S.K.: 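Quick one: this structure, given as structure tokens, is what I'll be asking you about.
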Amino acid sequence: MSDSLPGFKLQFASDNTAGVCPEALEAFNTANAGFASPYGNDESTAQVCDLLREVFEREELEVFFAFNGTAANSLALASMCQPYQSVICTDAAHVETDECGAPEFFSNGSKLLTAPHHQGKLTAASVDALVKRRTDIHYPRPKAVTITQSTEIGTLYHKGEIAGISQVCRANGLNLHMDGARFANAVASLKCSPADITWRSGVDVLCFGGTKMGLPVGEAILFFNRDQAEDFAYRCKQAGQLASKMRYLSSPWLAMLQQDNWLKHAGHANRMAHLLHDRIADLPGAEMLYPTEANAVLVNLPDAAVHAMHERGWTFYTFIGGSARFMCSWATTEAAIDALVADLASVLQRQA
Ligand SMILES: *Cc1c(COP(=O)(O)O)cnc(C)c1O
């Protein structure tokens with residue numbers, strides 16, 4: 001039975017509880033043949049950078065790799081503003097709630113300014129309000145905006161919303177950063193070209209998540225404008241983010257981007273989340289909080305039901321969006337969803 005898999009009941013806690021997808025694992029092993037130049041001067045790193053330029057239809061794209069999303073976001077944001085300036089994000093943003101102050105640390109003090117999220121998102125109006133709120137010398141002048149695609153609660157920014165935010169950015173001299181820890185899920189769901197929801201909508205830098213889409217480790221930092229990438233390599237090195245055996249980070253990326261494997265796996269995760277959303281929505285006592293647009297399902301459950309599910313061994317977080325969050329991944333199966341929903345139905349029935 002599949003529920004004998006190690007960690008079976010951990011799988012909905014996050015998409016990073018899943019392992020490495022087969023294509024990435026094979027590439028990892030293939031990279032192990034023979035010798036290669038270190039620090040990104042190898043063949044597969046060059047190839048993946050070229051492939052990213054193709055995927056994003058942007059010849060001047062500059063690509064860097066970091067070990068995790070916290071480093072990628074923090075270093076990217078640090079490159080966009082001075083210590084006395086600030087970064088606008090939502091109050092639910094990973095940079096605000098889950099990076100232990102790393103953006104402030106790596107930027108030497110740039111303050112995060114938060115706006116309440118609307119379905120997980122910033123709006124053009126909320127950015128504009130934070131920019132205009134104060135203009136005196138005592139206020140840390142906004143210099144960057146960061147948006148998360150797909151959002152922390154599993155919703156999506158549509159192209160027009162990004163373009164609207166970017167318009168406010170441009171009018172006020174702000175840089176636009178995208179935390180794409182789940183960028184693959186966004187592209188798979190919106191069925192758009194990656195360029196359309198990034199640089200063509202005014203995004204300057206994208207932190208493109210690899211880990212959650214099925215890589216062993218590693219996020220790509222994409223600068224759409226070459227000028228802004230100046231000296232970024234030094235910033236990565238100083239922060240301890242330059243991989244010496246870079247080929248082990250880059251080869252799995254290559255396998256992921258070839259034959260659209262990234263979209264295949266992200267599409268699967270999204271489909272599983274939609275299925276899970278619909279199955280939970282049918283249960284009396286479960287209140288769905290947000291539309292499932294990517295690979296997350298957020299649901300309000302009675303405290304006793306949360307407790308009972310944890311007693312049965314299911315792990316999931318309740319601190320994100322103030323509710324129970326279930327994430328699906330490339331590895332989620334319908335059998336796993338059956339098992340989760342059966343237990344949830346049973347504990348909710350006991351409540352009734
Ligand atoms: C997971 C995640 C990250 C990256 O987190 P790390 O643990 O540092 O790799 C960044 N942003 C969002 C929205 C995430 O969910």
Side-chain angles (χ1 to χ4, degrees), residues 23-24 27 40 42-66 69 72-73 75-76 79-80 144-151 156-167 169-170 174-215 218-230 232-233 236 246 249-267 269-270 293-294:
E23 296 89 346
D42 61 288
E43 191 85 346
S44 45
T45 302
Q47 280 176 355
V48 74
C49 293
D50 282 340
L51 196 47
L52 282 165
R53 288 183 188 105
E54 257 176 58
V55 167
F56 282 85
E57 307 170 66
R58 187 82 170 166
E59 226 168 282
E60 71 167 281
L61 182 72
E62 292 284 342
V63 182
F64 304 87
F65 293 94
N73 284 336
L75 295 172
S79 77
M80 292 180 155
V145 171
T146 175
I147 56 178
T148 307
Q149 176 80 316
S150 54
T151 71
L156 292 169
Y157 283 93
H158 292 265
K159 202 169 73 175
E161 295 174 298
I162 302 169
I165 290 171
S166 138
Q167 224 165 28
C169 288
R170 228 160 278 179
L174 311 181
N175 297 299
L176 184 53
H177 167 264
M178 182 176 274
D179 174 351
R182 299 187 179 92
F183 184 73
N185 301 96
V187 176
S189 180
L190 290 167
K191 297 190 173 36
C192 60
S193 97
D196 279 351
I197 54 165
T198 55
W199 63 272
R200 282 200 198 113
S201 296
V203 173
D204 296 301
V205 177
L206 167 69
C207 291
F208 185 172
T211 310
K212 285 172 183 152
M213 74 175 176
L215 299 193
E219 321 281 295
I221 305 158
L222 275 49
F223 282 79
F224 297 107
N225 311 303
R226 189 163 290 154
D227 296 351
Q228 289 181 303
E230 199 191 340
F232 193 74
C236 289
M246 183 69 92
L249 261 71
S250 57
S251 301
W253 268 100
L254 197 54
M256 220 50 187
L257 294 170
Q258 283 163 345
Q259 280 102 46
D260 283 346
N261 285 321
W262 62 300
L263 295 174
K264 176 185 79 177
H265 286 305
N270 293 349
E293 295 179 334

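None of these values were measured; they are calculated from a predicted model. Positions are given from 1 along the sequence. Computation of the quantities below employed the complete heavy-atom set of this structure, encompassing side-chain atoms and omitting hydrogens, waters and symmetry-equivalent molecules.
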S.K.: For Q149 and Y157, indicate whether the former's side chain and the latter's backbone hold a donor-acceptor pair under 3.5 Å.
M.R.: yes

S.K.: Looking at E60 and R58, is any side-chain nitrogen of the basic one under 4.0 Å from a carboxylate oxygen of the acidic one?
M.R.: yes

S.K.: Using every non-hydrogen atom in the two residues, find where N175 and Q228 come nearest and quote the distance to one decimal.
M.R.: OD1-NE2, 2.9 Å

S.K.: Is there a side-chain contact between K264 and E23 (heavy atoms, below 4.5 Å)?
M.R.: yes

S.K.: Only distances under 3.5 Å count here; give the side-chain donor-acceptor pairs of residues 187-194 to other protein atoms, sequence neighbours excluded, each with its distance to 0.1 Å.
M.R.:
unit_1, atom_1, unit_2, atom_2, d
S189, OG, E293, O, 2.7
S193, OG, A195, N, 3.4
S193, OG, D196, N, 3.2

S.K.: Between F208 and W262, is the ring centre distance below 6.0 Å?
M.R.: yes

S.K.: Are I147 and D179 packed together at the side-chain level, in the sense that at least one heavy-atom pair is separated by less than 4.5 angstrom?
M.R.: no

S.K.: For a quick test of reading the model, state the closest non-hydrogen atom pair linking C236 to L75 and the distance between them.
M.R.: CA-CD1, 4.1 Å

S.K.: Distance alone, cut at 3.5 Å: any donor-acceptor contact between the side chains of S201 and S166?
M.R.: no

S.K.: For the atom pair NE2 (H265) and CG (L215), what is the distance rounded to the nearest 0.5 Å?
M.R.: 9.5 Å

S.K.: With heavy-atom distances below 4.5 Å as the criterion, would you say the side chains of I221 and F65 are in contact?
M.R.: no

S.K.: Just list the side-chain donor-acceptor pairs under 3.5 Å for residues 49-56, sequence neighbours left out, or say none.
M.R.:
unit_1, atom_1, unit_2, atom_2, d
D50, OD1, R53, NH1, 2.9
R53, NE, L61, O, 2.9
R53, NH2, L61, O, 3.2

S.K.: Are V203 and H177 packed together at the side-chain level, in the sense that at least one heavy-atom pair is separated by less than 4.5 angstrom?
M.R.: no

